[in-house]
Amino acid sequence: MDLRPFMERWHMLPPSGGVMLVAVSGGRDSVCLLHYLAAMPRDFIVAAAHLNHGQRPTAGRDVAFVEELCRELEVPYTRIHVPVYQIVFEERKEKNPCSLCAKLRR
């Protein structure tokens with residue numbers, strides 16, 4: 001299935017020579033999107049970023065997987081570490097961290 005007409009209709013593609021940054025969590029949806037964009041004929045650069053917030057014990061493994069995938073796809077990759085878990089649960093010892101965590105994730 002060619003998604004390009006849909007993406008063009010809804011202005012989801014950058015201009016020629018531009019960059020599309022894909023936020024890749026390591027989950028199925030973001031990995032599938034990255035694969036699709038890397039494989040499609042395009043006149044823009046696809047780059048990937050992974051936000052490691054340290055909340056899941058598997059976060060380190062996710063980062064390694066995403067980084068390796070980007071190397072295989074020849075996509076520029078950036079990993080951003082934000083110590084959300086450490087701040088919310090270890091330093092502040094929040095009882096109801098949802099609102100603070102949401103602000104820190106932005």
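Heavy atoms only: backbone and side chains are in, while hydrogens, waters and symmetry mates are out.
By the salt bridge (charged side-chain N to carboxylate O under 4.0 Å, His left out) test, E91 is found to be paired with no residue, residues two or more places apart in sequence or in another chain being considered. T78 is linked by a side chain to side chain donor-acceptor pair (under 3.5 Å) to nothing, counting only residues two or more places apart in sequence or in another chain. Listed by chain and number, the residues in a side-chain contact (heavy atoms from CB on, under 4.5 Å) with A47 are V19, L21, P76 (sequence neighbours excluded). L33 meets the side-chain contact (heavy atoms from CB on, under 4.5 Å) test with V22, L37; sequence neighbours excluded. The side chain to side chain donor-acceptor pair (under 3.5 Å) test applied to E8 returns R4, not counting sequence neighbours. Remark: R71 pairs with E67, E68 by the salt bridge (charged side-chain N to carboxylate O under 4.0 Å, His left out) rule, at least two apart or across chains.
Counting heavy-atom neighbours within 6.0 Å of E72 CD, excluding the residue itself, gives a total above 12. Surrounding CG of D29 are at most 12 heavy atoms belonging to other residues, nucleotides or ligands under 6.0 Å away.
To the nearest 0.5 Å, atom CE of residue M20 and atom CE of residue M7 are 4.5 Å apart.
Here the closest non-hydrogen pair linking S25 and S30 is N-OG, 3.1 Å. Between G18 and F44, the closest heavy-atom pair is O-CB, 3.3 Å. The two residues G26 and V66 have their closest heavy-atom pair at CA-CG2, 3.8 Å.
Hydrophobic clustering (side-chain heavy atoms under 4.5 Å, transitive across Ile, Leu, Val, Met, Phe, Trp, Tyr) groups M12 together with V46. No continuous path of hydrophobic side-chain contacts links I45 to Y36 [ILVMFWY only; heavy atoms under 4.5 Å]. By the criterion of side-chain heavy atoms lying less than 4.5 angstrom apart, applied directly or through intervening Ile, Leu, Val, Met, Phe, Trp or Tyr residues, M40 is grouped together with V24 in one hydrophobic cluster.
Applying the side chain to side chain donor-acceptor pair (under 3.5 Å) definition to pairs two or more places apart or across chains, those involving residues 10-19 are S16-D43.
Residues Y77 and L69 form no side-chain contact, since every pair of their non-hydrogen atoms from C-beta on lies 4.5 Å or further apart.
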